[in-house]
Number of protein chains: 2
Amino acid sequence: MANKIAIAIHGGAGTILRSNMTPELQEAYEAGLKSALDAGYKILESGGTSIDAVEAAVKSLEDFPMFNAGRGAVFNHEGKHEMDAAIMYGKNMMAGAVSNITGVKNPVSLAKTIMQQSEHVMLSGEGALSFAKEKGLAFEDEEYFFTEQRYIQWQEALKDDRIQLDHTEKKFGTVGAVALDMHGDLAAATSTGGMTNKKYSRIGDSPIIGAGTYANNNTCAISCTGHGEYFIRSVVAHDISCLMEYAGKSLREATDLVVMDKLVKTGGEGGLVAVDRHGNIAMLFNSEGMYRACRNASGLNEIKIYKD
Amino acid sequence: MANKIAIAIHGGAGTILRSNMTPELQEAYEAGLKSALDAGYKILESGGTSIDAVEAAVKSLEDFPMFNAGRGAVFNHEGKHEMDAAIMYGKNMMAGAVSNITGVKNPVSLAKTIMQQSEHVMLSGEGALSFAKEKGLAFEDEEYFFTEQRYIQWQEALKDDRIQLDHTEKKFGTVGAVALDMHGDLAAATSTGGMTNKKYSRIGDSPIIGAGTYANNNTCAISCTGHGEYFIRSVVAHDISCLMEYAGKSLREATDLVVMDKLVKTGGEGGLVAVDRHGNIAMLFNSEGMYRACRNASGLNEIKIYKD
């Protein structure tokens, strides 16, 4: 099994255009992806678990201010950074999720703590923050989450009274990771700051087990990024797992069908990263681009943004 | 199609024992179920939609103080009635869900309003309440939600610092309805007050599309009641739909497999009501009992609590 370790990560999908990208910006995004990939892969390589690997990769993406999660989270309508995250372990089907939290440095670690140290799967808002404080999770003040680019985006969205997906371009700001460890166990994790200027404490697909995040040792581990409402209604991650388990599809066939056909028909824009129990990796999206990267023990090592 | 209309409802599953039941109590529960069944069936019979029928049935169950939803919702740790609900329409796969709300008279109607009048699927907490106020949903004060029995349960749970599923017996307090209308469209709705003395704004399976609530015209409509964490991890409602769609199982086979085998193996106690696109009804549970009722155009008309 040792040669089967594999990891794939994403930093969000959407209308990512070469015309809006400078070489410096592209280099910075790629460096952010590489750091996260390194953080996760190092754990897999040294015999660690997939659940620790996806947490480490997502923490790294959360700490990187250019992705919409953790430190780079967008502003909601009230000017707060309201974040969601989820994690799932295919080995025992345990899961943890958190929605509508502010101030927690690494929402993915709170999701993991909920999975490991509570009898619940999903906590939210003030209640989740009480739990985080009891368990000693790290908090940061408003200044830590403040980035000038996000502030400008929010001010512009406020002016027009529109909900903004992420950037000035149409981008689904989410980060995520999936991994297979040398013990043969799969895991998935996803984290997001949601939509700029979002109202009503909207919850997207990221913290919904089965929609944006899912892992099952019988099939695959999946982390999604996209227009969350469509991913929730289609129960995207679990649908792919069921197509593998009940319809005998391969990971490639199942992800192709769901992302490039079923989601497109409903108007659901976005993508996902996935890994199956054999170490096969899929990184698919029906949008212009997706920040993504993957690595395995057979020498695969990719960092990509556009379709080609 | 007109003779295929069907509805099934539940008022929660769990350790419901004959030894704790008086004839008066049983009569009251059955009257509550009958009112809800009547409210939903009347709409189906007059050519109305399944989405209106499940909303009407669940509203009736929410208004009935003996079930743990709406008026009969249990007290959380802070002494509040924190409620969740979801609704889904198999015709267009649209869905609405709400979590951690207080004061809304009929959470199921808020879920339906989110589905019909917002671009989102899931709203929560204060944000959801702002939306509800903007849309003119009915609110009630604390007194409306106060029932002496729930207060006593909460005080007892506080004393022992334990989370209580619902009653003094182990009961999963949730209400729900599924329906097939004469247009051939399926719908499902679920509503709950959660667990007595629950902390941390825990979210159960009821408002999670795919877990506690799901409807798809290709397969079935499902509303669950049970130990929510297990239902979330197993994506119960969507799993049944996938077993029908991808593995060719009938509604009976799929619900049997998931409730009586797969859930039992994980330790997940509870049950569900389901209806498929042919009007077949399933009402299953792996616990001692489940408050349930169903009716169709072929003369089926049942109100039951125990296994037999």
Using non-hydrogen atoms only, which part of M88(B) is less than 4.5 Å away from chain A: side chain, backbone, both, or neither? side chain
Just by modelled atom types, is the A128(B) backbone N or O under 3.5 Å from a matching donor or acceptor in the S201(A) side chain? no
Under a 4.5 Å heavy-atom cut-off, does chain A meet the side chain of Y230(B), its backbone, both or neither? neither
When you look at CD of E253(B), are more than 12 heavy atoms from neighbouring residues, nucleotides or ligands closer to it than 6.0 Å? yes
As a quick check of understanding, evaluate side chain to side chain contact (heavy atoms under 4.5 Å, CB included) for D239(A) and Y246(B), giving each step before the final call. CA-CA 10 Å; D239(A) 195 28; Y246(B) 303 142; 2.5 Å; yes
D205(B) versus chain A, the contacting section by heavy-atom distance below 4.5 Å: neither
Mind checking whether Y200(A) and F131(B) have ring centres under 6.0 Å apart? yes
Honestly, the part of I203(B) sitting under 4.5 Å from a heavy atom of chain A is both
Can you say whether E82(A) sits under 4.5 Å from chain B via the side chain, the backbone, both, or neither, judging by heavy atoms? neither
Taken to the nearest 0.5 Å, the spacing of S124(B) OG from D84(A) CG works out to 8.0 Å
SG (C242(A)) and NE2 (H238(B)) are apart, to the nearest 0.5 Å, by 6.0 Å
Heavy atoms only, distances under 4.5 angstrom: which of S234(A), A247(A), G228(A) has the most pairs with chain B? Name it, please. A247(A)
Could you state the interatomic distance from CE (M94(A)) to OG1 (T266(B)), rounded to the nearest 0.5 Å? 10.5 Å
Is L243(A) close to chain B through its backbone or its side chain, or both, or neither, when contacts mean heavy atoms under 4.5 Å? both
If you round to the nearest 0.5 Å, how far is NE2 of H227(B) from CD of E119(A)? 6.5 Å
Report, as yes or no, whether the 6.0 Å neighbourhood of atom NZ on K262(A) holds more than 12 heavy atoms from other residues, nucleotides or ligands. yes
Okay, I208(A) and chain B: the region with an atom under 4.5 Å from a heavy atom over there is side chain
Could you measure the distance from the OG atom of S118(A) to the CZ atom of R202(B)? Nearest 0.5 Å is fine. 10.0 Å
Does any backbone or side-chain atom of N216(A) lie under 4.5 Å from a heavy atom of chain B? Answer side chain, backbone, both or neither. neither
To the nearest 0.5 Å, atom CD of E229(B) lies from atom CD1 of I209(A) at 11.5 Å
Relative to chain A, which segment of L129(B) carries a heavy atom at a distance below 4.5 Å: side chain, backbone, both, or neither? neither
